[in-house]
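Structure first, then comments.
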Amino acid sequence: SDPDTEETFDAGSLRTPIVAVLGHVDHGKTTLLDRIRGSAVQEGEAGAITQHIGATAVPLSTISEMAGALVDPTDFDLPGLLFIDTPGHHSFSTLRSRGGALADIAVLVVDVNDGFQPQTEEAIDILKRTGTPFVVAANKVDTTPGWNPQEGQPIQQSLETQSDRASSRLNENLYELIGDLSGKGFSADFYWRVQDFQSNIGVVPLSAMTGEGIPDLLTVLMGLSQRYMKEEMSVDVAGPGVGTVLEVKDEQGFGATLDVVLYDGVVREGDTVVVGGRDEPIVTEVRALLQPRPNAEIRAEKQFERVEEVRAAAGVKIAAPDLDEAMSGAPVRVVRGDDEAALEAVKREVREELARIEVDTAEDGVVVKADTLGSLEAMANALEEAEIPILRAEVGDIAPRDVTVAQTAKEDTHKVILGFNVDVLPDAEEALEHADVRLFDDDVIYQLVEEYEAYVEELERAQQETVLDKITKPARFRILQDHTFRQNDPAVVGVEILSGTVQNNRAVAKFEGSEPNRVGTLSGIQHQGDDVDSAQAGERVSVAIDGPTVGRQIEEGDELWIELPEKHAKILEQELASEIRADEIEALKAYLEKRRKTDPFWGK
Ligand code: GDP
């Protein structure tokens with residue numbers, strides 16, 4: 001690229017702050033980034049904007065040009081801002097650098113009409129957890145009814161031209177947003193009222209479409225970085241490069257390549273680098289460093305141009321051998337010095353970084369796949385909170401092997417793959433069709449967890465129903481007077497069910513004190529002339545009982561019980577109490593009470 005721009009951009013020894021743009025889908029992340037690039041072009045500063053791999057660098061000169069009176073460039077010595085621009089890929093927010101967030105600072109885009117949405121909440125949780133400072137871009141102010149657009153103007157200037165009606169409509173939405181932020185534990189206000197951006201969140205009303213408010217956003221970001229991040233930006237700009245893998249991509253002629261955000265130091269062609277791999281750190285040599293060609297020159301076969309070195313902060317594509325096993329979100333480190341000790345030290349650092357992200361796995365549990373190490377870690381945290389054990393957790397698309405592993409889970413509720421922001425490989429699709437494994441995928445972590453929890457609940461309910469079908473239910477019933485239809489072989493009598501459910505083919509007992517004496521077995525139930533399998537409390541039915549003779553073992557007026565096997569009584573009391581009717585509980589309690597008079601531990 002143009003050596004003059006490099007010069008202005010890399011002036012001094014402070015590195016460029018890395019800015020992430022997050023927010024719910026359709027709230028305007030892409031439009032905002034396009035607008036920032038586009039307005040810079042309009043300001044005639046296009047040459048100064050550099051398109052990196054996966055990032056756009058906006059130098060201070062461009063920012064001050066765009067921000068006009070809002071910015072005095074002499075107030076700043078940071079070189080500009082580097083926007084990571086893979087916004088479709090919202091989980092990049094979970095990419096990390098040395099235990100922190102990859103981004104130094106973030107813009108949370110919220111549609112003023114739509115307010116907080118699931119991915120907004122998730123982004124906030126991530127920002128909170130990683131302690132990343134952020135500002136809120138309250139986007140789409142131009143959609144306020146009666147809005148009078150002020151192309152590219154600072155927002156307060158634009159607000160002055162709006163009707164009272166439009167202003168108050170917008171304010172309503174903005175205050176709601178400020179309320180939502182405070183609900184999340186952040187005190188927020190319009191950015192021009194915020195004194196201390198460390199303890200308060202600045203809200204910048206803007207329109208990515210018309211550009212009004214964008215000068216303000218850039219000014220706030222610049223001010224925030226200058227004020228609170230200068231120390232972190234004072235790095236050894238000439239030291240060995242350190243970065244994070246955004247993506248692993250196959251490129252024609254290069255094989256697997258790494259899209260990297262370099263946040264520290266320099267990387268040069270020919271450098272030895274260590275990259276976090278699936279099993280072991282990968283040691284390889286940089287064959288080429290690639291940057292996008294300026295727009296005008298894009299031709300399919302020559303999309304990239306080679307550069308000899310890249311300095312932080314920057315986005316760059318690294319082509320090198322043996323990168324197939326590299327993971328998104330993994331660290332990349334340049335090794336300086338060609339002795340074995342230097343290499344070992346860097347490998348150790350990479351291993352340690354990866355170890356910090358290692359997920360605790362259990363003997364039995366679900367299989368988790370995520371697009372980056374950072375999102376895998378976020379998934380693992382969410383699952384731990386929900387007390388869902390993990391059998392295996394890995395970065396990458398869902399492969400047939402994952403289906404095989406999920407199938408080995410012991411519990412049915414664990415024969416599950418949870419995929420976050422990943423694709424299902426074609427072979428895996430086929431494997432899933434033939435396997436008894438359920439796949440859940442979503443791009444919002446807590447929704448993924450909720451979907452899985454709902455599934456577990458449903459599965460458990462179905463299992464309980466099956467158990468309930470097999471179990472003997474309690475029942476107390478009475479032989480009616482003058483209702484003996486047959487004396488014996490079998491005895492046939494009319495009965496009234498007092499509580500519980502009488503099921504056919506169950507043993508019938510009569511209590512003598514606390515001992516249920518078996519009198520026979522039910523061999524038929526008739527309700528109004530029809531054969532039925534069971535009868536409930538309140539019903540009058542005739543029953544056939546194999547065994548007794550009316551007038552000897554049983555009499556008209558006798559109270560009879562269905563005999564409960566001890567194991568069934570225990571399951572009913574301990575596991576299924578919430579699944580059975582109140583009158584069944586009553587029958588169960590009465591039965592237990594009788595039995596426990598002589599054996600207090602019966603059924604426990
Ligand atoms: P993303 O999913 O967050 O990247 O959202 P996009 O940038 O793709 O925007 C989603 C939709 O909202 C698109 O149709 C945009 O044109 C529209 N949009 C984004 N910002 C604005 C804005 O400030 N004003 C208006 N009127 N529309 C916007």
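Reckoned from all heavy atoms, side chains included, excluding hydrogens, waters and symmetry mates. Whatever order the structure lists them in is the order used to number ligands and atoms, beginning at 1.
Between Val403 and Leu439 the shortest side-chain heavy-atom distance does not fall below 4.5 Å. Using a 4.5 Å heavy-atom threshold, the side chains of Leu418 and Lys369 count as separate.
The closest heavy-atom contact to atom 27 (N) of ligand 1, among the options Gln119, His27, Met209, comes from Met209. Ranked by closest heavy atom to atom 5 (O) of ligand 1, the top entry among Gly211, Gly28, Ala138, Gly213 is Gly28. Closest heavy-atom approach to atom 6 (P) of ligand 1 within the set Asn139, Asn113, Thr31: this belongs to Thr31.
For ligand 1, the atoms lying closer than 4.0 Å to a non-hydrogen atom of His24 are 3 (O). With ligand atoms numbered from 1 in the order given, ligand 1 contributes 22 (C), 23 (O), 24 (N) to contacts under 4.0 Å with heavy atoms of Ser207. Within ligand 1, the atoms closer than 4.0 Å to a non-hydrogen atom of Lys29 are 1 (P), 2 (O), 3 (O), 4 (O), 5 (O), 7 (O), numbered from 1 in the order shown.
The ring of Phe197 has its center no closer than 6.0 angstrom to the ring center of Tyr228.
Looking at Thr30 against ligand 1, both its backbone and its side chain come within 4.0 Å, counting heavy atoms.
Considering both main-chain and side-chain atoms, Leu32 never comes within under 3.5 Å of ligand 1 through any nitrogen or oxygen pair. For ligand 1, the polar-atom distance check against Val25 finds no nitrogen or oxygen pair separated by under 3.5 Å. For ligand 1, none of its N or O atoms has an N or O atom of Thr143 under 3.5 Å away.
Of the charged side-chain nitrogens involved, at least one lies within less than 4.0 Å of a carboxylate oxygen, so that Arg35 and Glu151 count as a salt-bridged pair. A salt bridge is defined here as a Lys NZ or Arg NE, NH1 or NH2 lying under 4.0 Å from an Asp or Glu carboxylate O, and Asp77 with Lys230 meets this definition.
Applying the ring pair (Phe, Tyr, Trp, His ring centres under 6.0 Å) test to residues at least two apart or on different chains, the pairs with a partner in residues 131-175 are Phe134-Phe186, Tyr175-Phe190.
For Val266, the side-chain contact (heavy atoms from CB on, under 4.5 Å) partners are Arg268, Glu309, Arg311, not counting sequence neighbours.
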